[in-house]
A.B. asks: 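What follows is a single structure, and I will ask about it in a moment.
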Amino acid sequence: MTAEPRRVSVLGATGSIGSSALDLLARAPEAFAVEALTAHSRVDALAAAAKRIRPAVAVIGRADLYAPLKEALAGTGIAAAAGKEALIEAASRPVDWAIGGIVGAAGLEPTLAAARHAKVLALANKECLVCAGEIFKAEVARCGTALIPVDSEHSAIFQALAGEAAACVERIILTASGGPFSMLTRAEMADVSPRQAVRHPKWSMGAKISVDSATMMNKGLEVIEAFHLFATPEERIEVVIHPQSVIHSMVEFCDGAVLAQMGAPDMRTPIAVSLAWPARMKTPVRRLDFATLGALTFAPPDTEKFPCLALARQALRSGGAFPTLLNAANEVAVQAFLRREIGFLDIPEVVEAVLGGPGVAPPRTLEDVLAVDALARQAAVLAIRGLGRTAVAQRAVNRTGNI
Ligand code: NAD
Ligand code: MG
């Protein structure tokens, strides 16, 4: 760490990733000067975080929430702003480090703004790379930004690749916990509730990524993310189920050596890797006790039980607009599941229906991506209507109450 405080911004400050990032920043207040914190709609949580961490500006994405945020920050000297333009403006402020912790394609424009104006972009928002990988990477390269993955698997790979020649990499092996339903049959999965789906066995995360982990779409999105981050062809990116979540991923080299990165499942480690890079910093993360750790086990993923992983691979192989379509359709389907409009097994059905719809030209610009994303969302809504699942949703509501 240098003596001069580093300027940092946290996009998605009220989320799971954002909170972990704020925890690290709050532990070393002398080392960081916080420029911007952003959130979507939780004014109270954003204002509380802002009062604790003292950014120059706090931005709420929903324009209609300006007045309550302004009121909550009155007398603090912290500027309040609201709306999409304000979010992009805040993300465009020059900083040494910004973390992209917004969930979904909604984070694309602000995260891209951060990619243009931060020296280091710590990227958690994998959907940015899935829906706009080439465009995103081209901007990062044009601006000379250091793009450091925060997703635990990609952080593991990033660490394993340090100082290695790309030509010597034979395989990337992404580990997956298997999610909360790995022991269920498909028939049992048909009736699971949102409450069950967001209860991940190893990681505490936001609702959307938790459902993605339960369907294994998360691992599919991560295959696409790894393809973009590490310029590795799809067939050299393997997925292995590792329920203990101790090994966060591995890289195999041409000499047969495999490097694995291990640690407790706590996102503060990969965030700290990005924050201190190329050095390291202390964190309060629980240390592994190898004497009591027990067995580490590995198994192949079951893509019949979890078709989302195969759908994501298929979208990556097909290229063009397919990853953008996949991501948007999945976002709509997950939200519909969380609102109990469709069942858990309908999520891959909706995604498959959208991927199998009319062909769409490959997006070449950000505007193209946003247009494909919007098209896919409409198609997903139609697919959901086509399922006629209100009865399923109602049964789930009756059985489990609200999540
Ligand atoms: P979360 O739901 O807990 O938080 C999301 C954040 O994004 C919140 O601050 C919210 O206010 C903000 N947000 C939501 N919609 C927005 C919008 N339309 N405009 C602006 N801001 C908006 O999500 P999370 O679990 O922290 O995940 C964030 C991202 O990080 C996701 O892309 C996820 O895949 C990725 N990620 C998360 C974890 C984890 O452990 N939580 C691990 C790896 C990767
Ligand atoms: Mg991950």
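These numbers were taken from a predicted model, which means no experiment stands behind them. For ligands, and for the atoms within them, numbers begin at 1 and follow the listed sequence.
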A.B. asks: Once you measure the plane-to-plane angle for Trp277 and Phe158, does it fall in the parallel (<30°), tilted (30-60°) or perpendicular (>60°) bin?
C.D. replies: tilted
A.B. asks: Under the salt bridge (Lys or Arg N to Asp or Glu O under 4.0 Å) criterion, do Glu170 and Arg236 qualify, and how do the steps go?
C.D. replies: CA-CA 7 Å; Glu170 226 157 62; Arg236 292 217 220 153; over 6 Å; no
A.B. asks: Quick one: closest heavy-atom pair of Leu121 and Gly100, and the distance?
C.D. replies: CD1-N, 4.2 Å
A.B. asks: Salt bridge (Lys or Arg N to Asp or Glu O under 4.0 Å) with Glu134: which residues, sequence neighbours excluded?
C.D. replies: Lys137
A.B. asks: Return the name of the atom in Glu153, of element N, O or S, nearest to the Mg ion (ligand 2).
C.D. replies: OE1
A.B. asks: Kindly write out the residues that satisfy side-chain contact (heavy atoms from CB on, under 4.5 Å) with Ala105, not counting sequence neighbours, or none if the list is empty.
C.D. replies: Cys131, Asn327, Glu331, Asp373, Arg377
A.B. asks: For His154, check ring pair (Phe, Tyr, Trp, His ring centres under 6.0 Å) against everything at least two apart and list the hits.
C.D. replies: none
A.B. asks: Need one value: angle at the Mg ion (ligand 2), Asp151 atom OD1 versus Glu222 atom OE2, rounded to 10 degrees.
C.D. replies: 90°
A.B. asks: When you pair each N or O of ligand 1 with protein N or O atoms, which pairs come out under 3.5 Å?
C.D. replies:
residue	atom	partner	partner atom	Å
ligand 1	3 (O)	Ser16	N	2.9
ligand 1	7 (O)	Val103	N	3.4
ligand 1	9 (O)	Gly12	O	3.2
ligand 1	9 (O)	Thr14	N	3.3
ligand 1	9 (O)	Thr14	OG1	2.8
ligand 1	9 (O)	Gly15	N	3.1
ligand 1	11 (O)	Thr14	OG1	3.2
ligand 1	11 (O)	His40	N	2.8
ligand 1	25 (O)	Gly206	N	2.8
ligand 1	26 (O)	Ser16	N	3.1
ligand 1	26 (O)	Ile17	N	2.9
ligand 1	30 (O)	Ala124	O	3.4
ligand 1	32 (O)	Glu127	OE1	2.6
ligand 1	41 (N)	Ser16	OG	3.1

A.B. asks: Is the distance from the ring center of Trp97 to that of His117 below 6.0 Å?
C.D. replies: no
